[in-house]
Amino acid sequence: MIDPVRGKPDFPALEKTIAALWRDRGTYRTSLERRRGAKRFVFFEGPPTANGMPHPGHCLTRTIKDLYPRYRTMRGEYCERKAGWDTHGLPVEVEVCKELGIHSKAEIEAYGIEPFIHKCQASVWRYMKEWEGLTERIGFWIDLSQAYVTYHQRFVESVWWALAELFDRGLLYQGHKIVWWWAQGGTALSSGEVGQGYKEVADPSVYVAFPLLDDAGLPTQRSLVAWTTTPWTLPSNQFAAVKADLEYVVLREAPSPDVPRLPPGASCASPHEARSGSDGNPGLLTFPLSPQARGVSREDAPPEYVIAAPLAAALGEKLKKTFDIVARLPGAALVGRSYLPPFDTFREPGPPRAVPLVAGGAAPVAWRVVAADFVTTDSGTGIVHIAPAFGEIDYTVLVAEQARFAAGEGPALLNCVAPDGTFTDAFGMGSGRFVKDCDRDITRDIKARGLLVHQEQYVHDYPFCWRADNDPLIQYPRQSWFIRTSQFRDEMLANNARIDWLPEHIKDGRFGNFLETNVDWALSRERYWGTPLPIWVCEETGRMEAVPSYAALLAKPGVAGTDVFERAKAANPQLSDDLKVHKPYIDAVTYASPFAPGARMQRVTEVIDCWFDSGAMPFAQWGWPHAGDAEFKAQFPADFISEAIDQTRGWFYSQLAISTLLFGQPGEGATPYPHPFKTCIVLGHMLGEDGQKMSKSKRNYKEPAVIFDTYGADALRWFFLAGQPPWNSIRYSERAIRESVPEFLLRLWNVYSFFTIYARIDGFDPAAQLAAPGSLTHADLAHADLTQPRGWRPAAARGELDRWMLSELHATAAAMVTRMDAFDHFAAAQRLSALVDAMSNWYVRRSRDRFWAPGRADGGPETNAEKLDAYWTLYETLLTITKLAAPFVPFVTEAIWQNLAVATFGDLVPESVHLTDYPAGDAALVDADLVRRMGLVRDVSSLGRAARAAEQLKVRQPLAKVEVILADTSPADEQWLAAHAELVCEELNVKHFEVCREPDRYITRSVLPDLKKLGPKLGKNLPQARAALAQVDAAALLATLTREGRAKLPLAGGGEAVIDRDDVLIRTTAKEGWAAAEGPRAVVVIAKELTPELVAEGLVREVVHAVQSQRKTLDLDFTDRIFLGFETSSAELRAALAGHLETVASETLANSTTFGPLAGAASETLDIDGHPLTIHLARS
RNA sequence: GCGCGCGUAGCUCAGUUGGUUAGAGCGCUACCCUGAUAAGGUAGAGGUCCCAAGUUCGAAUCUUGGCGCGCGCACCA
């Protein structure tokens, strides 16, 4: 039997029961079993890092990741969901360092790498309970027991295979490059990691004079002005770069007014006059070069500054000084000139020594002006200080310069900074101090020596370590390992082009752009807790080889050092075997070099970027190729993945890059694009209550646990899924989550509750009514939905309201499947919500009288057939909606299924709604015409209410008549409306309803062009046609159109337009003076006149209303019967009541109604439309 | 600086290929129901669709340029 469900549901409590049910029965596994062998729907879980607490953003991803696999499973596909955990890398190491209260690499080494690694391994499981709790609580069905873990040996070995493959193909190389360097952490970072750590900071911005040298190698008064925001790089200055075809000027400070000026006519025009100069350059700086200005002797001359012409004015403004231009010259004229570097760090005393060039001639190796195309005039001075050690582009200058000299003769890389970010002894004044901390002293020193032209603060974004955000990164030269991803740019783009991105703009926008500008992947990390780079080096020759697995390592000749791990394991049996492929144990493993007799092969020291781990999960989750061949082949590529937008540079990229490099090469056996994923939903960012970024310190969001306990997981899921398209940024607001409950979950629940209450009262039990209980199989029930029970009638035999409901139901199901197959759950959810609204606010409301009608619904002799139809219709509708909603709100739907299906049919139905088939909609039950006409009735009712409201004619007051005029007169529609007069009368509380016979009394008709049809047809003539249409006699035109199907319309500019009946729409407008309301499809007119009888009825309704309120106040059950007594001094009210006592009695469940007081009754005196009345009410 | 996205009612947001009166929920106001009842329903008010120009017969929608917000990127030396 179906349990009656009453009262307000406690969703959180209910969800916990359901979660336990799934856990106990292993429902997820069963759902897989049922689809074994079916077409696969492949899902990849992007592994979260479990060493931090889950937050609302994870709730969103987990909701989306659950929705589609559930849906696809119900649609008949087989969707394994294998969990995974990201466990390596800086996030973990930094967390452990915090715990230990240490920071630097030196401190880690002092603590000991071995215990440090153990701590890292333990740390990744720290919040596992919370993560598993969240996963179950939000209803994310995923197999946690089979989770892949990136530090597991099997996973590591898969990554090794990938790296060995890349190494063997020459795609993994060691390069000396300028990398973003985390000095305190002693490692390079990937561009993705660097991107995580940008912060806005104010750095010193200095303009420094580099005095040009004369032929004797002595500094002149004339200096290049270079600009930098990193004063600490000045001691390592090596070149100054200019743009060859850019104009530079030589500035000299203009004499102050009290100093005698230069001879008149030379160069001292006033600024205003100067502005009239013909070359269009602004202001003061347009003086022609004066002959006198050239020959100033060195000693008494003021300093002269060389700067790019377009930037000279800006410098003058900064210095608040006026300058004369004493020379103009192209950048090319500066190239080759030597200058005095700001520091003598690397400079020998004496004039610069020239070294022979390959192309002939000679040049000093450093402190010389070079030409470079990257020099711009966007900011600075147009003269770029080049310190090749600390800038990627600077480094290219060095490489280019080196090429001009014979090998070994050219400039060496100048670098006075140690890997830990401190100055070496080569730069004495900063020795041992962190470079950025020396900026001030360096600036002061330059100033003291008269070389500081200008100094200011410069606010810009600068990268910091994403895991230690007080540590600024520096660019630093380092030997590092790279993957040649840039060589595969086109392949990655081609692969990307085949991926379905949602939203679509990610493909060519954010992600495509990122691929376009791809640089080689800086893979290695000089750290401890990560997948060790599986490359062994010959200690003698330096030659290397990559090892693809631990077994391959053990198979090497003369392997030694495996005992280090074995001893550790013996000392500590708890030690995980997975650690044997990690530092420090793996570093101990050596073998005989194949390259030099007697030499040993030793592993390089680095570990790798943890993003490579997660990007390798498509195969590494199975341990492929060492194991899991069948699984990998069956589960690659993924049909669907989803993460938030920050993963474009993270997991989305690492997967695509690795997959493209490993599996994407054209030719035999290549995996066709796209891989490793076909569809990716990119989720928007989650914002806090205030629309700002979520932040723990700001407390602008509620913990998920609070939401779960207050509103439930379904509420949160529905909010995520139905609130907005998933790629919008979502405002995670408690208010919005709370408000999403009544509009869908509660509405559905209320209908369900309504159904169960009356089903019990009327004895409706679908199982008991089966014609042949037991003859139905699971499949019959699951697919055909309870066909052929006794008393059951097919839809065609039921009333039109039932057919309408079933039509809406099946149309919605079909639409939802279309939307869901296109990964558009937002649209699907909106359809679903509209369906539940239709069921609650029209079907149930209009069917109430059938549920309350006499007779039973148990299929027995007292059965009322129409009533039974209503039950079956509502039952089928509820059950189908439950299935439709199941992937969205899995808990509440399961609760409903358990009662409506399992409690009723027992073993005849699947034990969980999630084991059923998703309804695809039965087209045979969709009746578009019926839906349209029902919409018409709803429109008419709605317009009627609007008309009443406009005239302040409250619905309790019965009125005589309502008339409707359809905009588009169709006899069939009119007939249909007439047939539903009773319904409309009831909705509007009127006595008569009819289609108006004399529409001209109330309305005027006009003919409107159907622009969508007429636009393409008439084009430029459309405005004239519209004007003509407005003029023409609408009635006559309509008559013509109806009669002949088309009409000619003369146009103002001559000519005519031929229009078809379908090209026009008819608009009806209500005339003044009637209680009328108009909509696009109809005008509804209400008769305002009241007869005494109508007034009396109105009064009676008021009294009934008052009695009902009193019943409610007295807390009577709706089945309680009562005695009523009325007292009134109003003859009119008394007469009205006297005429309708029976109505009052039946409406209020009164056993008797009398005039006069009642003993033991609750009494209330009130005013009924101006008539005094005392109501005495006693329980029967 | 470059790129991507967004800007629609008091608030949170939809708006499908350009088309006639731009929608929903919440909130507000009025009303209805009182046998879903510590629920439910109906209606109303409320909008220069950020601004400007353009394309078009027609623009919230397409184009360009501004302004504002968010995010991303990084050779800002």
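Convention: sequence-line order gives letters A, B, ...; per-chain numbering from 1.
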Test for a donor-acceptor pair under 3.5 Å between the base of B/rC71 and the side chain of A/Arg510, counting only N and O atoms.
yes

Closest to the side chain of A/Val955, out of B/rC32, B/rC75, B/rC4, is B/rC32

With RNA chain B as reference, determine whether A/Ile506 or A/Thr233 sits nearer its 5' end, using the nearest nucleotide of each.
A/Ile506

Can you tell me, in whole Å, how much space there is between the P of B/rG15 and that of B/rA9?
15 Å

Presence of donor-acceptor pair under 3.5 Å, side chain of A/Arg948 and base of B/rA43
no

Hey, does A/Asn750 reach any base, or is it just sugar-phosphate, or nothing, if we go heavy atoms under 4.0 Å?
base

Within the pair A/Arg731 and B/rU12, is there a side-chain N or O less than 4.0 Å away from OP1 or OP2?
yes

With a 4.0 Å cut-off on heavy atoms, is A/Asp1010 in touch with a base, just the backbone sugar-phosphate, or nothing at all?
base

Can you tell me, in whole Å, how much space there is between the P of B/rG58 and that of B/rU21?
16 Å

Distance check, P atoms only: B/rA43 and B/rG70, in whole angstrom units.
39 Å

Using a 4.0 Å heavy-atom cut-off, does A/Arg1067 contact any base of the nucleic acid, only the sugar-phosphate backbone, or nothing at all?
base

Between A/Phe754 and A/Tyr758, what is the ring plane arrangement, given parallel below 30°, perpendicular above 60°, and tilted in between?
tilted

Closer than 4.0 Å, any side-chain N/O of A/Arg956 to the OP1 or OP2 of B/rC32?
yes

Roughly how many Å apart are B/rC49 and B/rC62, using the P atom of each and rounding to a whole number?
16 Å

Using the P atom as the point on both nucleotides, what is the distance between B/rU48 and B/rG10, in whole Å?
8 Å

Relative to each other, are the rings of A/Phe744 and A/Trp718 parallel, tilted or perpendicular (30° and 60° limits)?
parallel

Could you work out the separation of B/rG54 and B/rU16 based on their P atoms and round it to a whole Å?
25 Å

Distance check: side-chain N/O of A/Arg735 vs OP1/OP2 of B/rC26, anything under 4.0 Å?
no

Taking the nucleotide of RNA chain B with the nearest heavy atom to each, does A/Arg747 or A/Lys1020 sit closer to the 5' end?
A/Arg747

Measuring centre to centre across the rings, with the benzene-like ring taken for any Trp, is A/Trp501 within less than 6.0 Å of A/Phe652?
yes

Exactly one candidate in A/Tyr843, A/Phe764, A/Tyr871 meets ring pair (Phe, Tyr, Trp, His ring centres under 6.0 Å) with A/Phe851; the answer is A/Tyr871

With P as the reference atom in both, quote the distance from B/rG35 to B/rG44 in angstrom, rounded to an integer.
28 Å

Look at all strands and tell whether A/Arg1101 reaches a base, only sugar-phosphate, or nothing, counting heavy atoms closer than 4.0 Å.
sugar-phosphate

Is any side-chain nitrogen or oxygen of A/Thr229 closer than 4.0 Å to OP1 or OP2 of B/rC76?
no

Applying a 3.5 Å limit to both distances, which nucleotide forms a Watson-Crick or G-U wobble pair with B/rU21?
none

Any strand counts, and the cut-off is 3.5 Å on both contacts for Watson-Crick or G-U wobble. Which nucleotide pairs with B/rG44?
B/rC28

Just how far is it from atom CG of A/Asp824 to atom OG1 of A/Thr818, taken to the nearest 0.5 Å?
10.5 Å

Identity of whatever pairs with B/rA74 - Watson-Crick or G-U, under 3.5 angstrom
none

If the C1' atom of B/rC4 is compared with that of B/rG23, how far apart are they to the nearest Å?
28 Å

Does a side-chain N or O from A/Ser942 land closer than 4.0 Å to OP1 or OP2 of B/rA43, or not?
yes

Just call it for A/Ala736: base, sugar-phosphate, or nothing, with non-hydrogen atoms closer than 4.0 Å on any strand.
nothing

